[in-house]
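What follows is a set of notes on a single structure, which appears directly below.
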Amino acid sequence: MPSPTPSRPQRGHRGPPATNAAGDYVPAVEVTRGPIVESVHAAACAVAGPDGALKARLGSVEHPVFLRSSAKPFQAMAVVESGAISRFGLTPPELAVIAGSHSSEPEHLEAVRSILGKIGLDASALQCGTHTPFSRRVAEAYRREGRPFTPLEHNCSGKHAGMLAAALALGAGPASYLDLSHPVQQRVVGLLADITGRMRDRIVTAVDGCGAPTLGVSLAEAARAFARLLAPSALAPRHAEAAMQVSEAMQAHPSLVAGQGMLDTELTAMPGRRLIAKRGAEGVQCAAFIAEGAAHGLAAKIADGDNGRARVALAVEALIQCGAISRSEAAHLSEVSQLSITNNSGREVGMARAAFTLVRT
């Protein structure tokens, strides 16, 4: 099949025009029903050290992908570097929710309200829009009580509250905090360039679901950046300090990174491990971990954007193969237990399973 003509850049887009990257992905996750492989998800994955050296890969890892919410730890670093943490007295739990994609549980909303209260704003200042909470339990409770969803319940409300705090700390207008030209967003772009090693003008930008700029780098570069969250010594001092604050906040308060039963929270909370996990939309999953005494970063993407079974199966198996977690530890993760395929009566009839081996480099 011939590749389609590259599309023209769309409004809000910066960087090279979109291209067909289908050949960059390889079959990685199988969905079975009885004895038949019924569906296959293709993926790509990079594992790298803080120096950028690839440790392992699956498929091509040099094409740009949007990090979506996996960029939140770096966006949180920009909040730290703005001076907002010290100026407004933001706490580690509040920094964790800034770096997370929360499930609208009470502790998440309390943390976001606290940030807004400290900077003298309320939920009306959040420009992230609304969506149904990730937590089914929370969503069902709201429906029973007839309560509307507000921007506070958006999984990105912590990030938006942090960006508002950064805007005020920098003396910039908060009303336009989502504009790519705003000082907060320009700091994020510059920081990501520094931590990934990608030229600033080669970072691809578009608009995320929450309205903030979303940033595109290669999987190899994203893996390097995540490794540097746990091994920031090669970074400029301001970046190293911010990386340390963000990574420590996420590890100390994993429940604020995602929520009950969520993969990011359970991986980050795993006892005896130094591990940070951060998902993104469209089948993106990133992580930072220590294995064999060294820091590693992992960045993976499902080609078709599946953000459920395929993303979970890919990410967990890659972490197992890298020595970040054991197979027995993985078996107890809530989202892993949901990889079985059931029929309408609840009978297990198949499974979503990883079907790949990382190529060591």
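Everything numeric in this text was worked out from a predicted model, so none of it was measured. We're numbering straight along the sequence, starting at 1.
A donor-acceptor pair shorter than 3.5 Å cannot be found between the side chains of Ser181 and Asp179.
Under the 4.5 Å side-chain criterion, counting only non-hydrogen atoms from C-beta, Leu109 is in contact with His102. Contact of the Glu317 side chain with the Arg327 side chain is registered, since non-hydrogen atoms from C-beta on lie closer than 4.5 Å. Counting only heavy atoms from C-beta outward, the side chains of Leu229 and Pro73 approach each other to under 4.5 Å. In this structure, Arg279 and Leu263 have side chains that are not in contact, with every pair of non-hydrogen atoms separated by 4.5 Å or more. Counting heavy atoms from C-beta outward, Val29 and Arg311 have side chains that stay 4.5 Å or more apart.
Just one of Lys159, Lys118, Arg113 meets the salt bridge (charged side-chain N to carboxylate O under 4.0 Å, His left out) condition when paired with Glu94; it is Lys118.
The aromatic rings of Phe226 and Phe74 sit perpendicular to each other, their planes meeting at more than 60°, with 30° as the lower class boundary.
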Decide yes or no on salt bridge (Lys or Arg N to Asp or Glu O under 4.0 Å) for Lys301 and Asp24, but give the supporting numbers first.
CA-CA 11 Å; Lys301 179 172 169 60; Asp24 296 321; over 6 Å; no
Step by step, work out the side-chain contact (heavy atoms from CB on, under 4.5 Å) result for His41 and Arg309.
CA-CA 10 Å; His41 296 277; Arg309 62 193 187 187; 3.5 Å; yes
Give the intermediate values and the outcome of side-chain contact (heavy atoms from CB on, under 4.5 Å) for residues Glu329 and Arg273.
CA-CA 11 Å; Glu329 288 172 324; Arg273 304 283 184 176; 2.9 Å; yes
Might you work through the salt bridge (Lys or Arg N to Asp or Glu O under 4.0 Å) test for Glu248 and Arg274, ending with a clear yes or no?
CA-CA 10 Å; Glu248 289 181 352; Arg274 287 194 64 198; over 6 Å; no
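Within 6.0 Å of CD on Glu292 lie no more than 12 heavy atoms contributed by other residues, nucleotides or ligands. Counted within 6.0 Å of CD on Glu62, heavy atoms from surrounding residues, nucleotides or ligands total more than 12; the atom is thus considered enclosed.
In this structure a side-chain-to-backbone donor-acceptor pair under 3.5 Å is present from Ser103 to Ala258.
With ring centers used as reference points, Tyr177 lies under 6.0 Å from His160.
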